[in-house]
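One structure is given here, and the rest of the page talks about it.
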Amino acid sequence: MLNQVLSLFAISIIPRTIFGQVYYIGGSGSATLSTTTTYQYQNYELRCPTNGNCYITCSHDYSCQNTKIYCPISTGYCRIYCNAYQACYNTEIYGHTDSSGSGYMQIYCGNSGTYACQNANIHCPNGTGSCNIYSNPSTSSSQALQYATVYGGSGGGYLQMYCGYYGCYYTDIYCPTGGGNCGISCGYTASYNCYQSNIIGATSGSGSLTVSCGLSASCRYADITCPTGTGACTVSCTTSNACNSGTAITWTEGNVNTLQCTAGTTDDCGAFNYPPALSSNTSLNIVCDGNYECDQMTFTCPEYAKCDIKCTGEYSCQNSVMWCPSTAQCIILCSGSYSCQDSVIWKSSTASSNAQLNLQCSGSYSCQNSVAWCPSEGNCEIGCTTTNSCFRMAVHWPENVNKSILECPSLGNQCNLIRTASVVEVTNNILICNGASECASKTINCPENGDCTVQCTGDSSCGSANINCPENGHCSVNCGGDESCAGAIITCTYGQCDVHCGNTYACWESIIYVPSGQPNPRTCESDTGVCTNAQIIYTTPEPTVNPTVMPTFIPITNEPSFDPTIDPTSDPSINPTIDPTSDPSEDPTIDPTNDPTFDPTTNPTQYPSSIPTIDPTANPTEVTAVPTTAQPSAETIDPSSSPTNEPTQIPTMVPTIDTKDPTSNPTTDPTSDPTVDPTMNPSQDPTSHPTIDPTYDPTTDPTSKPSISPTNAPTDDPSTPSPTDPDELICGDHVSGAYNDQEIQFEVQMNSFNGDMTFDASDSD
């Protein structure tokens, strides 16, 4: 046992003890540690005091790499700065482990230095404390937490993360359990904040999850899983393209789920495959309050829980599809101008009497041209409270009309609505059929007096329908969808009638009855066949007073075609051939020659030239029967098997005779002073700067770490077996001097001993 006593004057003392690779910082009070060089605490364990505050700064490259850092166990602050290149790479950080504690942990990764906390594992405090993590708070660095994992604590504490420029790139984040809330800010600075991150809500307890995607591409390709406990889940996309590409959100059952698209720009939420069908009592709130925010989205509400969709921005939910619950309330607010235009609101295929639809169209033209399907047995309430808010809207009312409420103040055309049934009575002189097959096979009766307009704009929307025009008034039928009036019968026997066929085969095989003497009622969008096979039959209310005196007894054609072409040529041949080929080419040329040969060859070459000459010679070479050279060259005795293509222009006058293996790459600059005693074993890597005065007796065991500035006169008899630290005291040493009432810090080492050490400062004043 070693007992060592040191006496010093001191007011307070902060001892630091190093034992192997474990570094204990401080004692029962506050503790501070700052690095001074690279790799300084690599592979160490840095341990804070049990309680109290602890501050650690790793401000040099790799300075805390592969390090384990232990915060105080129960209470106090634990603040860690990793602000250099890979300063805390692959580091394990453990917060307060006491589940009944209230410790506070704060970590800064990458205020300067890329990859500052890359691949780190961070364990937030247990208990009711908090955990705040800042990743790349400035744009001077990035990817601080790349491939890192953050674990929230247990016991009710919260986790708040601030992800800057690529700050949480490819980061796995697990929210606290036991009731603690979780907030992830993916929009702290710059962009791509939580790109391809994995955010998982609490797996138990009532802890909520809030994810804020506030900058461009901040949550692109992120995977967000809402809490599976009882906590609420809110995802906010507040900038253009913040959640646009590949973002996946898993909404969980039994909770309140909210999606907010609130930037006021385009495409914040427009690319979601959103959300997956939920099969339980999961309430869903969707807020689209920016312009074009949820344009062309498909909303699938849960089957058995309330669904609330708010489209408050201009054009915010236009061209969208909304699927309402089967046994719960569906509330849709379209308060922005044109917010829900051209949208379709579907009832569930399994809707029960508990299903409800409450649709409020309060913005200008907010629900124009939209289609709403009320639940078959449930209540349906539709409010059109602004001029033109429901202009040209189609509503499919429930079978029990007593469950329907329509609010239409007398402000204008806001309630041009219809009810689909076997017989449709046109009200307000206009009928809109813009859904696919919406009015197909129906009987549509216009009022007897007054003008009537029937709009068939959806595909097959009025297919095979019977449209009866008014007796006294103008009738206009617009067939704008694909095959929209195919097979329809349009009866216009009294008044004037106009039928517009505006799409491919829109009026295919339709029959139009018009009064005799009326002009052709049918108009075509183009001559591409859209009016083909639309039959017009002129009728008279009474027999004609001028029948023909020469009716035909013989049809004009003997063999009319049963299948005439629907696309005859507009440029038939003037001189068609009377002897067409029985085997026409499957791939005829589009550019035939104007001057074909009258005598084609009977023996064409099997390998014609791909680029024949356009100017052949008039005197081609003739093949001779005998050689034309009178004096051929003499036979070469030993010709080269691989003669050079570039012989030298200055051959040597005296070639080498006895060289058996001449070099294939002789030097172009031979030495003028060759050595007379060349080595038999030359170095493969000779130095470019050889010494002028090499030693004749080099050491056989050179040091691996030579001194940069060695002494010119080392001692023959060193005084100590090993070097000492400056101002170091060893056992038996004494020192005294003036004292200035300041704190003294010192270090005690006993690395070479096994035993106890006692420090006694009782004699200090």
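Bear in mind the structure is a predicted one, so any value in this text is a computation, not a measurement. Any value given below was found using the heavy atoms of this structure, including those in side chains, with hydrogens, waters and symmetry copies removed.
Taking CG from Asp308 and CG from Asn358, the interatomic distance works out to 9.5 Å, rounded to the nearest 0.5 Å. Rounded to the nearest 0.5 Å, atoms CD (Gln455) and OG1 (Thr457) are 6.5 Å apart. With rounding to the nearest 0.5 angstrom, the SG atom of Cys226 is 12.0 Å from the CD1 atom of Ile200. Considering CD of Gln318 and OG of Ser337, their distance stands at 12.0 Å, rounded to 0.5 Å.
Relative ring orientation between Tyr195 and Tyr221 is described as perpendicular, the plane-to-plane angle rising above 60° on a 0-90° scale split at 30° and 60°. Using bins of under 30°, 30° to 60° and over 60° for the plane-to-plane angle, the ring pair Tyr292/Tyr315 lands in the parallel bin.
Of the possible donor and acceptor atoms, none in the side chain of Gln356 sits under 3.5 Å from a partner among the backbone N and O of Asn379. Not one N or O on the side chain of Asp451 forms a donor-acceptor pair closer than 3.5 Å with the backbone of Gly473. Put simply, the side chain of Asn291 gets close to the backbone of Glu314: a donor and an acceptor are under 3.5 Å apart. Thr171 contributes no side-chain N or O that, together with a main-chain N or O of Thr149, makes up a donor-acceptor pair within less than 3.5 Å. No side-chain donor-acceptor contact under 3.5 Å links Asp223 to the backbone of Asn198. At distances below 3.5 Å, at least one donor-acceptor pair connects side-chain atoms of Ser218 with backbone N or O atoms of Cys186.
Here the closest heavy-atom approach between residue Val514 and residue Cys497 is recorded as CG1-CB, 4.4 Å. The minimum heavy-atom distance between Ser343 and Cys317, with the atom names listed, is OG-O, 2.9 Å. Contact detail for Leu357 and Pro375: the closest heavy-atom pair is CB-CD, 3.9 Å.
Side-chain contact between Asn478 and Thr453 is absent, with no heavy atoms from C-beta onward closer than 4.5 Å. Counting only heavy atoms from C-beta outward, the side chains of Leu359 and Cys334 approach each other to under 4.5 Å. Side chains of Ser366 and Tyr338 form no contact here, defined as non-hydrogen atoms less than 4.5 Å apart.
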ask   = When you look at Tyr165 and Ser191, which way does the side chain to side chain contact (heavy atoms under 4.5 Å, CB included) test go after all the steps?
value = CA-CA 5 Å; Tyr165 182 55; Ser191 56; 4.1 Å; yes
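Between Cys294 and Cys288 the SG-SG gap is short of 2.5 angstrom.
Side-chain contact annotation: Ser208 with Asn181, donor-acceptor N/O pair under 3.5 Å present.
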